[in-house]
Amino acid sequence: MTNSGKYLVVIAGPTAVGKTDVAIKLAKKWNTEILSADSRQFYNEMSIGTAKPDQQQLDEVKHHFIGQLSIHDYFNVSKFENEALKLLDGLFELHDLLFMVGGSGLYIDAVCKGIDDFPDPAPELRKYLKGIYMDEGIGKLQEMLLQLDPEYFESVDINNPNRLLRALEVCHTTGKKFSEQRLSSSKTRDFQIIKIGLNLPRPELFHRIELRVDQMIELGLVEEVKRLLPYRHLNALNTVGYKEIFEFLDSKITLEQAIVNIKTNTRRYAKRQMTWFNRTDEYSWFEPAQLNEITNYLTMICK
RNA sequence: GGUGUCGUAGCUCAGUUGGUAGAGCAACGGACUGAAAAUCCGUGUGUCACUGGUUCAAUUCCAGUCGACACCA
């Protein structure tokens with residue numbers, strides 16, 4: 001079976017730019033479905049703070065990977081790659097064109113280009129390494145990595161605990177050097193990929209971010225976060241919009257300050273997203289209002 | 001109205017015994033292969049309120065003006 005005449009249209013862009021609306025309009029036009037590539041909208045318990053499509057929008061177009069996980073589930077890019085590919089394979093039997101919409105650059109790339117295959121780390125190992133980091137600091141991790149994988153030690157961002165922990169985890173799990181297994185080779189897919197980027201002039205984007213954060217508060221973000229307070233240690237909740245409200249609930253800051261912090265951190269997140277998307281020239285960029293231009297562009301390419 | 005204190009980066013402030021200035025936060029730029037809305041790295045962006053004076057040299061000393069605050073009337 002081949003999907004050579006099939007198209008996956010990626011719609012990426014910074015948070016709050018308006019991806020959801022554009023994707024729904026396009027998906028209706030093509031009478032097709034949407035895959036979300038948003039590492040936080042996966043979680044069922046997180047809705048307001050992740051600006052998930054609302055029920056009405058979900059009724060308009062069939063969405064996948066929205067709220068299908070619990071914050072208690074363990075999930076990662078690799079699982080996303082596998083599940084998304086499996087899903088795409090099935091959906092391409094029904095549709096010639098599918099949309100994948102989201103702001104998580106790494107997750108989008110995993111579906112489009114694949115990532116190297118590593119065994120899942122044992123949870124105890126991850127806990128053990130984290131413990132070493134907590135007790136003995138980053139210097140110890142650096143020391144360990146230098147021993148196990150000097151090549152990666154040379155190239156890695158040496159002050160980044162997540163990178164060091166990950167490399168050590170792979171070395172221990174596989175008994176081989178991380179650098180030897182990290183091929184960064186690009187897999188090819190049997191479907192065509194079209195990448196569309198949505199962006200706005202920065203002042204406009206920032207304005208939209210402010211409005212959206214205020215709206216989240218009105219919709220009851222504080223209540224949503226309050227319910228999740230017992231699970232604050234979970235990775236899914238280490239997220240803009242949630243961690244700031246946790247601080248407010250701790251009485252460390254006022255609600256006003258928490259709101260200001262969410263806005264600031266969301267702006268910075270948007271900036272990091274753009275840095276990611278800008279490293280390739282594979283995206284064709286549009287403003288969200290250019291629906292006709294996008295439609296024409298897609299029609300032209302998909303002939 | 002009088003007296004005093006203050007006016008330095010977008011914000012909060014430090015500092016220069018006279019040689020045009022630096023922290024935190026914000027901002028800006030970047031990295032990124034199983035935590036990615038995560039994590040990490042880099043960059044100081046300035047009429048030192050304004051106008052004069054003294055001086056080789058003033059953001060610093062002096063005078064005046066404006067503004068803020070406090071106290072006294």
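Chain identifiers are assigned alphabetically (A, B, ...) following the order of the sequence lines, protein sequences preceding nucleic acid strands; residue numbering begins at 1 within each chain.
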**Message:** Within 45 degrees of the ring normal and closer than 6.0 Å to the centroid, is that where the cationic atom of A:Arg279 sits relative to A:Trp276?
**Reply:** yes

**Prompt:** Distance under 6.0 Å and angle within 45° of the ring axis: does A:Arg166 meet both against A:Phe118?
**Reply:**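 Because its charged atom sits under 6.0 Å from the ring centre and within 45° of the axis, A:Arg166 does stack over A:Phe118.
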
Between [N] ([atom2]) and [X] ([atom1]): distance, integer Å:
| X | N | atom1 | atom2 | value |
| --- | --- | --- | --- | --- |
| A:Met134 | B:U39 | CE | C1' | 13 Å |
| A:Trp276 | B:C41 | CH2 | C1' | 16 Å |
| A:Leu165 | B:A38 | CG | P | 17 Å |
| A:Asp109 | B:A31 | CG | P | 13 Å |

**Request:** Verify the contact: side-chain N or O of A:Arg267 to OP1 or OP2 of B:A27, cut-off strictly under 4.0 Å; return yes or no.
**Result:** yes

Determine the interatomic distance between [atom1] on [N] and the same-named atom on [M]; round to the nearest Å.
| N | M | atom1 | result |
| --- | --- | --- | --- |
| B:C72 | B:U16 | P | 33 Å |
| B:A9 | B:A23 | C1' | 11 Å |
| B:A14 | B:C61 | P | 15 Å |
| B:C50 | B:G7 | C1' | 11 Å |
| B:C28 | B:U65 | P | 42 Å |
| B:C48 | B:G19 | P | 15 Å |

Is [X] touching bases, backbone alone, or none of the nucleic acid, heavy atoms closer than 4.0 Å?
| X | value |
| --- | --- |
| A:Asp157 | base |
| A:Thr15 | nothing |
| A:Asn235 | base |
| A:Asn82 | nothing |
| A:Lys271 | base |
| A:Gly49 | base |

**Prompt:** Do A:Phe92 and A:Phe191 have their ring centres less than 6.0 Å from each other?
**Reply:**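 Yes; A:Phe191 has its ring centre under 6.0 Å from that of A:Phe92.
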
**Request:** Taking syn as within 90° of 0 and anti otherwise, name the glycosidic form of B:G34.
**Result:**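 B:G34: syn.
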
**Prompt:** With distance as the sole criterion, do the side chain of A:Asn160 and the base of B:U39 form a donor-acceptor contact below 3.5 Å?
**Reply:**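 Such a pair is found, so the answer is yes.
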
**Item:** Selection residues 146-163 of chain A - residue pairs positive for salt bridge (charged side-chain N to carboxylate O under 4.0 Å, His left out), sequence neighbours left out
**Value:** A:Glu151-A:Lys177

**Within-4.5 Å side-chain heavy-atom neighbours: A:Leu35 and A:Phe80** = no

